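In what follows, a structure is listed as structure tokens, so that the remarks can point back to it.
Not measured: the values here are computed from a predicted model. Naming convention: chains lettered A, B, ... in sequence-line order (proteins, then strands); numbering from 1 in each chain.
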2 protein chains.
Amino acid sequence: MSLTHAPAGAVRQGSLRELNLALVLGRIAMADRPPSRADLATATGLTRATVSAVVEDLLAGRLVSESDPAPRSGAGRPARGLVLADQGPAGLGLEVNVDYLAVCVVDLAGQVRHRTVHRADLRPVAPADALARLVEMAGAAREDAARRGLTLVGAALAVPGLVDDAGLVRLAPNLGWRDVPVPALLAEHPPMIEQVPGIPALTVDNEANLAALGELHSLPPGPSSFLHISGEVGIGAGIVLDGALFRGVRGWSGEIGHLPVHPEGRPCRCGGQGCLEQYAGQEAIVAAAGLARAELPADTATARLAELAEAGDADALRALHDAGTALGVAVAGVVNLLDLDTVVLGGGYAALAPWLCPPVLAEIGARVLTAAWSPVTVRPSTLGAEAAAVGAAGSVVRRIVAQPAGWLARAG
Amino acid sequence: MSLTHAPAGAVRQGSLRELNLALVLGRIAMADRPPSRADLATATGLTRATVSAVVEDLLAGRLVSESDPAPRSGAGRPARGLVLADQGPAGLGLEVNVDYLAVCVVDLAGQVRHRTVHRADLRPVAPADALARLVEMAGAAREDAARRGLTLVGAALAVPGLVDDAGLVRLAPNLGWRDVPVPALLAEHPPMIEQVPGIPALTVDNEANLAALGELHSLPPGPSSFLHISGEVGIGAGIVLDGALFRGVRGWSGEIGHLPVHPEGRPCRCGGQGCLEQYAGQEAIVAAAGLARAELPADTATARLAELAEAGDADALRALHDAGTALGVAVAGVVNLLDLDTVVLGGGYAALAPWLCPPVLAEIGARVLTAAWSPVTVRPSTLGAEAAAVGAAGSVVRRIVAQPAGWLARAG
DNA sequence: TCTATTTGTTCAGCGATTGAATTATTTGCC
DNA sequence: GGCAAATAATTCAATCGCTGAACAAATAGA
């Protein structure tokens with residue numbers, strides 16, 4: 001139905017300004033060139049007077065800054081362009097994964113301004129110790145950000161597992177975590193960010209979800225809907241609808257890895273049979289290609305596989321084709337169900353996309369009813385590794401842009 | 001992410017009142033007992049003064065009326081309860097299906113105030129003729145509604161097929177429709193409703209989607225998320241997220257019938273193989289139970305099947321168990337993907353639910369990762385036949401409640 | 001009957017938007 | 001070079017709707 005979703009609570013006099021601050025800032029954020037106040041007035045429907053007042057608040061709060069006038073033909077006083085500030089609030093992105101820790105800082109404009117990756121096998125490390133190391137990295141990131149005039153106002157942590165609303169990691173099988181109370185563990189360290197009303201200090205989320213958000217950031221701005229599939233050991237999907245992540249009733253959406261593709265096929269560790277993960281998971285592909293599983297770490301194995309396929313290795317090509325077909329069966333089901341027009345292959349799939357896309361597209365063409373009228377695009381992710389950390393930081397930034405009033409109230 | 005979704009456009013001075021009208025009316029609609037102005041003030045966060053002013057507008061516009069005071073213990077001036085008006089604007093629901101036409105009128109409170117069903121095989125009837133007959137029925141409904149003090153302000157049509165944004169029925173296979181421009185055909189008749197700003201005169205939608213909305217109406221008010229599956233000749237799903245129908249990028253979501261459950265299985269008319277429809281569609285179940293397909297019309301066949309199962313007929317029980325298992329495989333995939341906590345079996349499945357639910361639940365238990373922490377409910381629909389028509393009318397009513405300003409501007 | 005309590009209304013004050021008028025700054029033409 | 005046209009941004013009185021507090025209404029219990 002997607003009715004104009006009214007704000008949940010009461011709309012008081014002051015909310016009016018809050019809403020228009022968000023409206024104008026959002027327009028600036030999604031514009032493809034620096035808009036003038038007049039552009040914003042026509043785009044939003046507000047009067048130029050109101051836009052001027054709103055922009056004044058945003059300038060005072062260091063959320064936007066004026067740029068060189070956008071070149072324009074014809075007579076008239078030249079406009080002053082408005083862009084998101086490269087100083088001011090920023091988001092902190094954290095990621096714990098099987099073989100690395102990552103920290104990054106993203107500014108309002110979505111630029112990655114700081115990035116640190118610490119490679120190590122995290123499986124034998126206790127959750128508290130892993131988080132402590134992450135806090136250490138975050139401290140350095142914070143100092144670096146401060147030198148660049150950035151203030152961290154919120155943090156998001158990506159974890160390869162199921163996370164509930166409170167930030168409790170219920171299960172991260174490949175990491176060996178179970179019922180890890182992340183917020184409580186992090187509360188024992190000094191705070192990593194400066195608290196701002198309206199922006200949660202820390203959110204914890206599934207790695208696949210946040211990688212999808214990262215992808216959203218790298219796209220031309222504006223709402224869009226797509227399915228982002230992270231092919232790692234497990235297979236996770238992030239569902240982005242109208243520019244917002246869809247989390248499901250309890251935040252556990254996206255478990256595409258256990259969609260059945262051969263219902264009477266191989267048993268899966270989830271208890272079911274013939275799950276996608278058993279046919280298109282990284283380990284399954286590597287094994288099918290004849291590479292010994294334990295021989296190489298995950299990312300190296302993927303690179304090796306791409307090399308072999310590039311060289312025309314028959315086993316590798318067949319393994320990739322079979323995996324792509326299995327993936328395509330699952331994706332076709334999802335597209336039939338949700339009517340999405342774009343599928344992004346991310347994580348380990350990104351490097352294998354040249355060989356995975358054709359069979360995926362073939363299955364979509366064969367199984368999706370509406371494919372005839374409305375083509376489905378399948379493409380690799382544009383982000384590299386640590387996409388989830390970038391997406392995590394980006395999720396904080398999106399919150400600031402969507403609710404600038406909190407920051408403005410604080411910063412004056 | 002589900003950030004506080006701001007209204008899409010500008011927030012002008014008057015929008016403030018519009019938003020608060022919607023806020024207060026929404027609270028009245030979702031309350032389980034008639035709330036007082038004071039209740040609304042505490043619930044919404046507005047002051048009593050504002051609520052009084054807003055309620056005055058709503059009373060003047062005949063959207064709400066005062067009811068007997070809700071009994072309350074203790075001292076104090078007794079409250080005056082507020083309920084949705086049983087006179088005023090109402091929604092018109094229309095349905096064209098394979099073997100009947102249906103028209104109904106739903107008032108603001110969600111009550112069905114008028115209902116007409118015309119049974120006939122619509123397959124040999126030209127779309128224009130079917131719609132003409134529907135318009136005739138709608139005319140009678142309008143007069144009946146007027147006698148009850150109801151004004152029809154919008155119409156929604158349910159069709160068993162794929163409908164695009166403009167109301168064009170791209171394909172309704174079981175009805176034999178293809179590229180039928182419904183709005184244009186209906187525009188040739190006198191208007192069925194009284195146009196109101198903000199409420200579309202006519203929307204056309206998939207029958208399964210609208211049946212899901214009908215189910216939403218029959219639930220205790222408030223946002224909820226569930227998957228509604230209509231088991232007819234085809235199998236359609238309506239996805240309700242947070243009380244709103246999810247339509248997909250182009251409005252073609254819900255094609256669950258072509259989720260693969262046996263990827264190398266029977267060929268399907270969609271071009272794929274092993275689609276759910278081939279194993280849990282009505283024709284498939286009836287055939288598997290040993291009932292000749294052409295012998296009976298669809299609804300009679302379902303009733304017969306239920307009788308046989310009730311009597312312990314082995315073939316019928318086995319057919320239902322197999323269908324339920326196939327359905328469960330598909331549903332488990334959807335639940336894994338979307339993290340829904342409720343599945344409603346509607347349409348032809350409702351009557352067969354006692355035999356379908358157990359195998360569906362079994363597959364969910366076996367295949368859904370999060371089932372251990374958060375149980376999934378599977379239950380039959382509470383609505384009878386013509387659920388889609390009721391849902392269609394309800395969708396109009398929901399629009400009025402979500403955007404009362406349009407009606408108020410008109411009615412004064 | 002009187003007091004405590006809760007509901008609903010009235011009214012001055014105020015914040016934010018509006019719309020028109022005004023100022024600022026450039027292009028293009030004579 | 002100077003002037004008119006055009007576009008951008010600001011200023012300001014008017015207006016709309018919410019707030020907060022005081023007030024009126026209506027009931028239960030002492």
Side-chain angles (χ1 to χ4, degrees), chain A residues 6-7 9-24 28 33-60 64-82 404-405 408-409, chain B residues 6-7 9-24 28 33-60 64-82 404-405 408-409:
Chain A
V11 186
R12 15 178 47 77
Q13 193 68 246
S15 324
L16 223 166
R17 197 41 165 296
E18 281 181 30
L19 291 169
N20 282 332
L21 282 166
L23 178 68
V24 170
I28 295 173
R33 64 188 61 192
S36 68
R37 291 166 175 76
D39 292 337
L40 292 170
T42 58
T44 61
L46 295 167
T47 61
R48 292 198 300 276
T50 305
V51 170
S52 277
V54 167
V55 166
E56 195 173 2
D57 282 4
L58 294 174
L59 284 170
V64 307
S65 57
E66 294 192 319
S67 74
D68 287 340
R72 175 177 51 77
S73 65
R77 170 176 169 176
R80 274 180 284 176
L82 297 166
L408 293 177
Chain B
V11 186
R12 18 177 45 77
Q13 194 67 247
S15 324
L16 224 164
R17 195 42 164 292
E18 279 181 31
L19 291 168
N20 281 331
L21 281 166
L23 178 69
V24 169
I28 295 173
R33 64 188 59 194
S36 68
R37 290 166 175 77
D39 292 336
L40 292 170
T42 57
T44 60
L46 296 166
T47 60
R48 292 200 303 273
T50 305
V51 170
S52 277
V54 168
V55 166
E56 196 172 1
D57 281 4
L58 294 174
L59 284 169
V64 307
S65 56
E66 294 192 318
S67 73
D68 287 340
R72 176 178 51 76
S73 66
R77 170 176 168 175
R80 273 181 285 176
L82 296 166
L408 292 177

Quiz item: What is the distance from CZ of A:Arg80 to P of D:dT7, rounded to the nearest Å?
Solution: 18 Å
Practice problem: Report the distance from atom CG of A:Asn20 to atom OG of A:Ser15, rounding to the nearest 0.5 Å. | Solution: 11.0 Å
Quiz item: Any donor-acceptor pair under 3.5 Å between the side chain of B:Arg77 and the base of C:dT7?
Solution: yes
Quiz item: According to a strict under-4.0 Å criterion, is B:Ser36 in side-chain N/O contact with OP1 or OP2 of C:dG8?
Solution: yes
Quiz item: Rounded to the Å, how far apart are B:Leu23 CG and D:dC18 P?
Solution: 11 Å
Practice problem: Quickly work out the A:Arg48 CZ to D:dC12 P distance and round it to whole Å. | Solution: 17 Å
Exercise. Return the value, rounded to whole Å, for the distance between atom CG of B:Leu16 and atom P of D:dC16.
Key: 14 Å
Just list the side-chain donor-acceptor pairs under 3.5 Å for residues 45-55 of chain B, sequence neighbours left out, or say none.
unit_1	atom_1	unit_2	atom_2	d
B:Thr47	OG1	B:Thr50	N	3.3
B:Thr47	OG1	B:Thr50	OG1	2.9
B:Ser52	OG	B:Arg48	O	3.4

Practice problem: Ignoring backbone atoms, establish whether B:Asn20 has a side-chain N or O less than 4.0 Å from OP1 or OP2 of D:dG17. | Solution: no
Quiz item: When all nucleic acid strands are considered with a 4.0 Å heavy-atom cut-off, which category describes A:Ala49: base, sugar-phosphate, or nothing?
Solution: base
Quiz item: When we call it a touch if two heavy atoms are under 4.0 Å apart, what does B:Arg17 touch: a base, just sugar-phosphate, or nothing?
Solution: sugar-phosphate
Exercise. Write down the distance between CD (B:Glu18) and P (D:dC16), rounded to a whole number of angstrom.
Key: 15 Å
Quiz item: How many angstroms lie between CG in A:Leu58 and CG in A:Leu82, if you round to the nearest 0.5 Å?
Solution: 8.5 Å
Quiz item: Rounding to a whole Å, what distance do you find between B:Leu59:CG and C:dG8:P?
Solution: 11 Å
Self-check item: Sidechain-backbone polar pair: A:Ser36 side chain, A:Asp39 backbone, donor-acceptor under 3.5 Å
Solution: yes
Exercise. Write down the distance between CD (B:Glu66) and P (C:dT7), rounded to a whole number of angstrom.
Key: 15 Å
Exercise. Please state how far atom CG in B:Asp39 lies from atom P in C:dG8, giving the value in whole angstrom units.
Key: 8 Å
Self-check item: Nearest-nucleotide pick for B:Pro78, side chain only, options being D:dA8, D:dG17, D:dA26
Solution: D:dA26
Quiz prompt | Trace of the salt bridge (charged side-chain N to carboxylate O under 4.0 Å, His left out) decision for A:Glu56 with A:Arg37 | solution = CA-CA 10 Å; A:Glu56 195 173 2; A:Arg37 291 166 175 76; over 6 Å; no
Exercise. Assign B:Arg37 to base, sugar-phosphate, or nothing according to its heavy-atom contacts below 4.0 angstrom with the strands shown.
Key: sugar-phosphate
Exercise. Output the distance between atom OG1 (A:Thr44) and atom CG (A:Leu23), rounded to the nearest 0.5 Å.
Key: 5.5 Å
Quiz item: Closest approach of A:Pro35 and A:Leu40, non-hydrogen atoms and distance?
Solution: CG-CD2, 3.9 Å
Exercise. List in numerical order all residues of residues 50-58 of chain A for which some heavy atom is under 4.0 Å away from an atom belonging to DNA chain C.
Key: A:Thr50
